[in-house]
Protein chains: 2
Amino acid sequence: MKADCFDDALRELRERGFKLTPQRRAVLELFCSDGARHLTAQQAHDAIRGREPNVGLVTVYRCLELFTNVGILDKIKFNDGFDRYELHGGASGHHHHLVCTECGHVVEFGDCLIRSIERKLEKMSGFCIEGHWLELIGQCRECRERTEEDD
Amino acid sequence: MKADCFDDALRELRERGFKLTPQRRAVLELFCSDGARHLTAQQAHDAIRGREPNVGLVTVYRCLELFTNVGILDKIKFNDGFDRYELHGGASGHHHHLVCTECGHVVEFGDCLIRSIERKLEKMSGFCIEGHWLELIGQCRECRERTEEDD
DNA sequence: CGGTAAATGAAAACCACTTTCAATTATCAT
DNA sequence: ATGATAATTGAAAGTGGTTTTCATTTACCG
Ligand SMILES: [Mn+2]
Ligand SMILES: [Mn+2]
Ligand SMILES: [Zn+2]
Ligand SMILES: [Zn+2]
């Protein structure tokens with residue numbers, strides 16, 4: 001439980017005039033805890049229900065949208081039909097995800113070369129590039145070895 | 001209307017034992033025509049209705065799925081909630097898309113550096129990478145200039 | 001404390017997409 | 001051609017994540 005991030009987020013919300021409700025605190029606590037990464041709304045709701053039964057799924061959806069607009073969370077898409085969320089910048093700043101098609105295991109990796117591609121493209125296309133989505137999919141080592149055993 | 005692509009696709013379908021229905025011909029004709037790029041099922045349906053009123057939206061969905069499985073079309077995601085389709089390989093092979101957030105204008109660009117990122121990541125993570133999905137968003141020159149005028 | 005506007009939650013709506021199933025039709029053997 | 005057969009079609013209903021509605025509750029400020 002990273003206390004810094006929790007307090008910073010509360011301050012940000014207060015400064016912008018949003019009410020600090022128990023529901024919002026619960027969602028914030030979850031995402032500031034260590035185990036919470038790349039959660040869907042449903043997963044976040046399930047995780048919260050244990051301690052705070054009085055938080056509706058709809059409110060979780062609204063918190064996730066609000067926190068994303070305020071810059072506390074990032075919305076991620078693994079292209080699996082679910083919107084997912086993590087702390088803005090994650091553990092180590094802007095990064096992308098490599099997702100296992102078998103077990104869902106996620107590896108994070110830094111920005112690397114996308115920025116230079118962006119600069120080239122801005123010159124070529126005349127666009128002002130605002131952002132990018134990059135997702136890689138494959139099989140993790142464990143799943144690959146398990147699959148080979150089956151043959 | 002690229003006749004080659006249309007005939008190749010028909011042959012591919014016939015060889016695999018699929019029936020050559022008027023509906024399938026109509027969808028194929030559309031995607032082999034010059035103006036058709038990155039179409040949603042609804043857009044494809046709208047475009048077809050003029051000439052062939054007897055094609056249901058459901059059948060368009062089924063054609064798009066079939067043609068993707070057979071390798072005639074590629075499914076693309078612009079992260080806007082719609083599945084989009086274009087001729088397999090597009091104009092110039094594997095490529096990615098730079099989409100304007102204002103007007104939807106799309107610029108295509110080649111694979112460039114993603115492959116080398118993939119190779120690095122395979123060594124680092126142990127994954128066997130099967131594919132990637134990259135989308136860039138921004139404002140095209142026209143929309144940027146129009147926005148600046150408004151100030 | 002009240003007053004007030006924001007926030008909540010249950011239910012219903014939304015919407016792209018998929019499934020169901022009875023009717024139609026392309027294909028092929030006769 | 002003709003008929004048998006299984007694939008294909010389309011209207012309608014279903015799916016599932018997300019959003020909206022609206023009556024009720026509540027955090028916040030004076
Ligand atoms: Mn992450
Ligand atoms: Mn393209
Ligand atoms: Zn795995
Ligand atoms: Zn534009």
Side-chain angles (χ1 to χ4, degrees), chain A residues 9-30 38-70 72-86 104, chain B residues 9-30 38-49 51-70 72-85 104:
Chain A
L10 281 188
R11 190 177 318 116
E12 181 69 27
L13 289 174
R14 189 158 29 214
E15 279 175 10
R16 299 214 191 191
F18 295 107
K19 293 185 179 175
L20 304 184
T21 64
Q23 293 88 342
R24 284 175 178 168
R25 287 173 195 273
V27 174
L28 274 181
E29 264 186 47
L30 172 62
H38 319 126
L39 298 183
T40 66
Q42 185 65 64
Q43 287 173 331
H45 186 233
D46 291 344
I48 289 170
R49 279 186 119 162
R51 305 176 210 167
E52 295 273 342
N54 296 325
V55 180
L57 177 58
V58 186
T59 298
V60 173
Y61 272 105
R62 282 190 281 231
C63 285
L64 297 177
E65 189 192 4
L66 172 65
F67 297 168
T68 302
N69 290 338
V70 171
I72 296 171
L73 297 182
D74 288 337
K75 184 192 267 193
I76 327 165
K77 301 233 179 191
F78 285 178
N79 215 23
D80 61 355
F82 299 88
D83 293 344
R84 293 169 182 276
Y85 297 84
E86 68 180 348
Chain B
L10 281 189
R11 190 177 319 117
E12 182 69 28
L13 289 174
R14 188 157 29 214
E15 279 175 8
R16 298 215 192 192
F18 295 106
K19 293 185 178 176
L20 304 184
T21 65
Q23 293 89 341
R24 285 176 178 167
R25 287 173 196 273
V27 175
L28 273 182
E29 265 186 45
L30 173 63
H38 318 127
L39 299 182
T40 66
Q42 184 66 63
Q43 288 172 333
H45 187 233
D46 291 344
I48 289 171
R49 278 188 120 161
R51 304 176 212 167
E52 296 270 345
N54 297 324
V55 179
L57 177 58
V58 187
T59 298
V60 173
Y61 272 106
R62 281 190 281 230
C63 283
L64 298 177
E65 189 192 4
L66 172 65
F67 296 168
T68 302
N69 289 339
V70 171
I72 296 171
L73 297 182
D74 287 336
K75 184 192 269 193
I76 326 165
K77 301 234 177 190
F78 283 179
N79 214 26
D80 61 355
F82 299 88
D83 293 345
R84 292 169 183 277
Y85 297 84

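Residue numbering restarts at 1 for every chain, and letters A, B, ... go by the order of the sequence lines.
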Between [atom1] on residue [X] and [atom2] on residue [Y], distance to nearest 0.5 Å:
| X | Y | atom1 | atom2 | value |
| --- | --- | --- | --- | --- |
| B:Arg51 | B:Glu29 | CZ | CD | 6.0 Å |
| B:Leu30 | B:His45 | CG | NE2 | 11.5 Å |
| B:Phe82 | B:Gln42 | CZ | CD | 8.5 Å |
| B:Arg14 | B:Leu20 | CZ | CG | 5.0 Å |
| A:Thr40 | A:Asp83 | OG1 | CG | 9.5 Å |
| B:Leu28 | B:Ile48 | CG | CD1 | 9.5 Å |

So does A:Lys19 get a backbone contact from the side chain of A:Arg24, meaning a donor-acceptor N/O pair under 3.5 Å? yes
With five pairs defining each end axis, the helix from C:dC1-D:dG30 to C:dT30-D:dA1 comes out bent, to 10°, by 30°
Per the under-4.0 Å heavy-atom filter, residues of residues 61-68 of chain A near DNA chain C come out as A:Arg62
Note: contacts of residues 48-59 of chain A with DNA chain C (heavy atom, under 4.0 Å) are A:Asn54, A:Val55, A:Gly56, A:Val58, A:Thr59
Nt span of DNA chain D in reach of chain B heavy atoms at under 4.0 Å, 5' end first, is D:dA6 to D:dA12
- Message: Can you tell whether the side chains of B:Arg16 and B:Glu12 come within less than 4.0 Å, N to carboxylate O?
- Response: yes
Residues in residues 18-26 of chain B with a heavy atom under 4.0 Å of DNA chain D, by number, are B:Phe18, B:Lys19, B:Thr21, B:Gln23, B:Arg24
Here the pair of heavy atoms bringing A:Ala9 nearest to A:Ile72 is CB-CD1, 3.7 Å
Side-chain donor-acceptor distances from residues 55-67 of chain A under 3.5 Å, at least two apart:
none

Do the side chains of B:Arg84 and B:Gln43 get nearer than 4.5 Å, heavy atoms only? yes
